[in-house]
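Worksheet for the structure shown next.
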Amino acid sequence: MARALWVLALIALAALVVYGMRRGWVNRAKRQAAQLPEFPVLPEEPGGAELLPAATGMYVGTTFAGDWQDRVVVGDIGHRANGTARLWKSGLLLDREGASSIWIPAEAVVDARLDHKLANKVVPGVGMVVVTWRLGEHLLDTGFRGDEKTTQSEWVEAVRALGPASAPDDNR
């Protein structure tokens with residue numbers, strides 16, 4: 001009988017932890033929805049030929065710039081997904097499988113870099129392309145881990161060439 005009570009207590013504790021995590025995620029999404037403007041929408045015509053061949057890989061996530069663990073969770077932006085990155089002169093498209101696409105206009109791009117951590121994901125070496133971009137008055141970091149690691153430096157240089165904007169004094 002004592003063992004059964006311990007098992008029930010542990011199940012209740014686990015359920016309470018899951019409930020708390022879910023509630024925290026939903027509350028964070030509500031706060032960020034009030035704080036952040038709408039995400040840009042992909043134009044009907046992205047603008048000319050693609051600057052690089054499309055890259056398949058995984059969308060890692062989006063965080064507030066300067067804090068690699070402060071994930072943006074508005075809508076489905078916080079969900080990792082496999083997808084394809086496409087780059088035009090007008091911007092960067094992350095076309096995610098099973099989730100909405102993310103469009104980063106060229107005029108919003110601030111910088112790009114190779115990094116090994118973002119959105120609570122750590123990979124060996126410099127395993128992902130991280131694009132710093134402006135959404136309203138906020139700076140965000142968006143990460144994409146390409147399947148073809150040899151082209152990631154090329155992606156960073158091409159995204160940087162879109163014409164970086166100047167960074168504001170305050171990230172948030």
N/O donor-acceptor pairs under 3.5 Å from side chains in residues 114-122, not counting sequence neighbours:
unit_1, atom_1, unit_2, atom_2, d
Asp115, OD2, Arg113, NE, 3.1
Asp115, OD2, Arg113, NH2, 3.4

Answer yes if Val130 and Val73 sit in the same cluster of Ile, Leu, Val, Met, Phe, Trp and Tyr residues linked by side chain heavy atoms under 4.5 Å apart, and no otherwise. no
If two hydrophobic side chains count as joined below 4.5 Å and joins carry through other members, does Ile104 share a cluster with Trp68? no
Under a 4.5 Å cut-off applied to non-hydrogen side-chain atoms, are Phe64 and Leu139 in contact? no
Distance check, rounded to the nearest 0.5 Å: Ile77 atom CD1 versus Phe39 atom CZ? 4.5 Å
Between the CD atom in Glu154 and the CG atom in Leu51, the distance rounded to the nearest 0.5 Å is 10.5 Å
Would you mind reporting whether Phe144 and Met58 have side-chain heavy atoms less than 4.5 Å apart? no
Looking only at the side chains, is there a donor atom on one of Thr84 and Asp95 sitting less than 3.5 Å from an acceptor on the other? no
Give the C-alpha distance, both sets of side-chain angles, the deciding distance and a yes or no for side-chain contact (heavy atoms from CB on, under 4.5 Å) between Arg80 and Val60. CA-CA 5 Å; Arg80 288 189 180 114; Val60 175; 4.1 Å; yes
For Thr63, all residues meeting side chain to side chain donor-acceptor pair (under 3.5 Å), sequence neighbours excluded: none
Please round to the nearest 0.5 Å and tell me the distance separating atom CZ of Arg160 and atom OG1 of Thr132. 9.5 Å
Which pairs, with at least one residue in residues 38-58 and sequence neighbours excluded, count as a side chain to side chain donor-acceptor pair (under 3.5 Å)? Thr56-Asp147
Considering residues at least two apart in sequence or located in another chain, which fulfil the side chain to side chain donor-acceptor pair (under 3.5 Å) criterion with Thr151? none
Do Ile102 and Val129 sit in one hydrophobic cluster, given that two such residues count as connected whenever their side-chain heavy atoms are within less than 4.5 Å of each other, even indirectly? yes
Remaining members of hydrophobic cluster (4.5 Å side-chain criterion), Leu42: Trp88, Leu93, Trp103
Output a table of donor-acceptor pairs, distance under 3.5 Å, between side-chain atoms of residues 21-30 and any protein atom two or more places apart or on a different chain; print 'none' if there are none.
unit_1, atom_1, unit_2, atom_2, d
Asn27, ND2, Arg23, O, 3.4
Arg28, NH1, Asp70, OD1, 3.1
Arg28, NH1, Arg71, O, 3.0

Nearest 0.5 Å please: distance from the CG atom of Leu36 over to the CG atom of Leu140. 6.5 Å
Does His138 reach the side chain of Pro37, with side-chain heavy atoms less than 4.5 Å apart? yes
